[in-house]
Structure formats: structure tokens, C-alpha cells
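The structure appears below as C-alpha cells.
Note that ligands are numbered from 1 as they come in the structure, with each ligand's atoms numbered from 1 the same way.
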Amino acid sequence: MDKNKVISNDKNYIANTYARFNVVIKDGKGSILTDADGKQYIDCATGIGVNLFGINDEEWKNTVISQINRVQHVCNLYYAEPQTELAKLLCEMSGAKKVFFGNSGAEANECAIKTARKYSSDKYGGERYEIITLKDSFHGRTIATLSATGQDEFHKHFAPFVEGFRYAEPTMEGIFSCYTEKTCAVMIEAIQGESGVNVLDFNFLKQLEKFCKERDILLIADEVQCGNGRTGYLYAYEAAGIHPDIVTTAKALGGGLPIGACLLFDKCAQTLDAGDHGSTFGGNPVACAGAISIMKRLTKDLLLEVKGKGDYFRMNISRIRNVKSVSGMGLMIGIETDRPAREIAEKCLEKGLIVLTAHKKVRLLPPLNITKDEIDEALKILNEVIG
Ligand SMILES: *Cc1c(COP(=O)(O)O)cnc(C)c1O
């Protein structure tokens with residue numbers, strides 16, 4: 001593989017939407033990625049929290065390949081087994097009653113937004129459509145999910161945005177100041193991934209749940225990044241002991257294949273009718289087969305293991321000199337330092353460690369099956385770069 005050719009083709013033919021690092025990824029195994037020059041890296045990014053059990057995982061790969069050998073796509077005019085099996089599994093594991101499948105986090109959130117609006121319009125008429133989201137949230141790149149995202153920097157160039165979103169501070173005072181008789185839902189990330197791995201206050205989430213319940217406002221948990229076992233919980237909101245009405249999931253769900261799901265709990269399980277929503281690729285059998293193999297591995301024992309590894313990782317990061325704070329849960333980790341996160345990420349790359357940034361922080365989303373030795377190696381590099 002010719003590194004320079006890949007980069008020049010990218011520069012010439014791919015839209016300039018990404019500020020890429022100077023690495024061409026070739027292949028990998030487990031937590032180790034190899035670039036075009038044969039240099040190896042410990043992968044603490046997993047393609048932004050996607051490759052949940054690492055690269056080229058045998059169990060996942062076998063499930064996906066055996067589905068490819070049967071049929072690669074079935075449109076949603078017919079029934080298909082992988083989709084139904086995955087929906088059943090997701091409902092049994094989460095307590096949801098129905099599932100809608102899309103292909104990404106943004107699409108899962110689009111479905112949540114549409115469902116919340118229809119639920120309210122069915123029950124209270126069309127004037128109750130506002131959704132409160134939180135400051136520093138991230139919900140996606142489509143026009144509606146950009147509008148839902150509570151960061152000003154996302155609200156330029158593409159006006160007019162979708163109306164009906166209000167951005168609250170993550171406190172009850174913040175919620176009250178955005179609440180009107182038009183509010184139909186509140187959307188949260190239990191851990192805000194993109195804006196710096198900010199864990200929301202559990203007390204706030206409990207009060208918010210009560211507030212929503214009393215007013216028949218739907219509580220939507222965007223678990224696209226913090227869900228699927230990453231935090232040592234199946235979904236991060238479980239740590240706060242709350243019960244959302246809608247949960248969205250994507251990123252790690254397919255273990256590397258594009259899939260998003262909107263989980264609908266009791267209140268709104270019957271809200272969507274035939275024709276209300278749809279997707280050509282949504283619930284693609286290959287993506288669903290991959291997701292089934294991922295979900296089946298998220299056992300109690302695995303989640304405990306993630307908690308243990310996360311505690312070990314975070315405790316040792318907090319001991320590194322110049323680390324100001326460490327945030328997160330399980331294997332979703334944010335590191336605050338005085339230096340620009342991008343600069344730290346570049347230095348880590350040089351030394352063979354792939355990390356992410358999230359606003360001012362360095363962010364780690366390693367595979368859940370990363371070994372203790374690999375964590376120690378990552379710590380060594382972080383210590384050299386930050387310490
Ligand atoms: C990544 C992300 C999204 C968007 O997911 P896409 O698959 O990129 O559309 C939405 N919400 C959260 C919390 C995310 O981290």
C-alpha cells in the first residue's frame with residue numbers, strides 16, 4: 001500500500017470535511033492497528049467507539065460472513081430473521097417494547113425526535129413539539145440532529161435549522177427555564193462524549209426523570225456513544241437508576257458495521273404506524289448479524305470486567321504528572337491537561353498509541369477486550385507524552 005498515493009487521492013477526491021491525522025490504517029488484530037508502513041499502534045479510539053471487540057475479531061467476523069453467505073440485503077417490505085432476532089434481543093436486554101432500525105446514530109435520534117413529536121401530537125395536538133436538549137450535547141449531523149445539538153459552533157452555515165429545540169444547562173433550574181407548555185421531550189446523554197466525556201450528575205437525572213413523568217414529557221437517552229457496555233453498564237443511564245422512554249444506540253452496536261436503533265419503551269411503543277418512518281438499509285441483515293454477536297457478548301461478567309479495567313486505567317492516568325482531571329466511566333475516559341488535546345494526540349501517534357480528542361480533553365475509547373498488558377503499554381506512552 002502506497003501511503004502517499006492514498007493521501008493524495010484523499011486530498012484530491014474526498015470532501016474536505018475531516019481534519020485527518022497523518023496515518024493510513026491498513027489492518028489490525030484485536031487492540032493493535034497497523035499502518036501502511038507497518039508501524040503498529042495500540043488502538044484507544046476503536047473508530048470512535050465502534051470496534052467494540054477490536055479489529056478483525058473472529059467471533060464477530062464469522063457471524064457476519066455466514067450472513068453474507070446467505071443474503072446481503074433484504075428490504076423492509078419483507079420479513080428477515082436477523083432483524084427480528086436482534087430486536088428481540090435488544091428488547092429482552094433493555095426492557096424496551098419495540099425497536100426501529102436505522103443506519104447511524106443521527107438516524108436513531110431522528111426516529112426518537114419524530115416519535116416524541118408524534119406521541120405528543122396524537123395525545124395533545126400539534127402544538128406540543130418542543131424538545132429540550134442540553135448545553136454541550138452532541139446528537140448528530142443531519143439538519144434535525146444538528147439543531148438538537150446544544151453547541152453554538154454547530155449552528156452556522158446551514159440555516160434555517162429545524163425549530164423546536166431549546167438548550168438547557170444540565171441542572172433542574174436549566175430545565176425549568178426552557179420548559180414551556182409546548183415541551184414534548186427532553187433528550188440527554190448520560191455521558192456527553194463529544195464535548196469532553198462529561199458524566200451528568202445522577203441526582204439531576206433522577207429529578208429530571210420525575211419532572212418528565214409528572215408532565216408526560218418523554219425522556220430520551222442518547223446512548224450512541226456511552227451505550228453497549230462501554231461504561232461497564234449495558235447503557236450508561238442505568239448507572240443513574242433512571243428509566244428513559246426512548247433510548248438511541250448506534251456506534252458500537254454493529255461492532256464495525258453501520259447500524260442504529262431507536263428503542264421504544266412502554267409509553268411510545270405503539271406511536272409509530274405503517275408509513276410514519278422507514279429506511280432502505282435500516283435493519284440490514286449483515287449489520288444485524290454483527291450486532292447480535294456483539295449484544296450476546298455483553299454479559300454481566302463482561303460488564304464487570306469492563307468496570308475493573310476502567311477503574312485500573314483511570315486510576316493510573318490520574319497519577320500521571322500534569323493530568324488535571326480524569327472523567328468518565330468504565331472504558332469511556334476523558335483526560336484534562338493544560339496542553340491542547342490535538343497536540344497530545346499527535347505525540348501519542350508518534351509513539352504508537354491512537355487516542356481521540358473531545359473539545360479540550362484527550363478521550364479514550366479502547367476495545368472492551370483490551371488486555372492488561374496493552375493498558376499498561378498505553379499508560380506508559382501517556383506518561384511519556386503528558387507526564
Ligand atoms: C456519534 C454520535 C452521534 C451521531 O452518530 P452518527 O452515527 O455519526 O450519526 C449521536 N449522538 C452521540 C452521543 C454520538 O456520540
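Among protein residues, Ser104, Gly105, Ala106, Asn109, Phe138, His139, Gly140, Glu189, Asp222, Val224, Gln225, Lys251 come within 4.0 Å of ligand 1, judged on heavy atoms.
Taking the six-membered ring where the residue is Trp, Tyr237 and Tyr235 present parallel rings, their angle staying beneath 30° rather than reaching 60°.
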Contacts under 3.5 angstrom, residues 378-387 side chains, donor-acceptor by atom type, not counting sequence neighbours:
residue	atom	partner	partner atom	Å
Glu384	OE1	Lys351	NZ	3.4

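Between Lys114 and Glu110 there is no salt bridge, since no side-chain nitrogen of the basic residue lies less than 4.0 Å from a carboxylate oxygen of the acidic one. A salt bridge between Asp122 and Lys118 is present, with a side-chain N of the basic residue lying under 4.0 Å from a carboxylate O of the acidic one.
For the ring-ring contact (aromatic ring centres under 6.0 Å, His included) condition, the pairs that include at least one residue of residues 76-118, sequence neighbours left out, are Phe100-His277.
Applying the ring-ring contact (aromatic ring centres under 6.0 Å, His included) rule to Phe211 yields the partners Phe176, Tyr179; only residues at least two apart in sequence or on another chain are considered.
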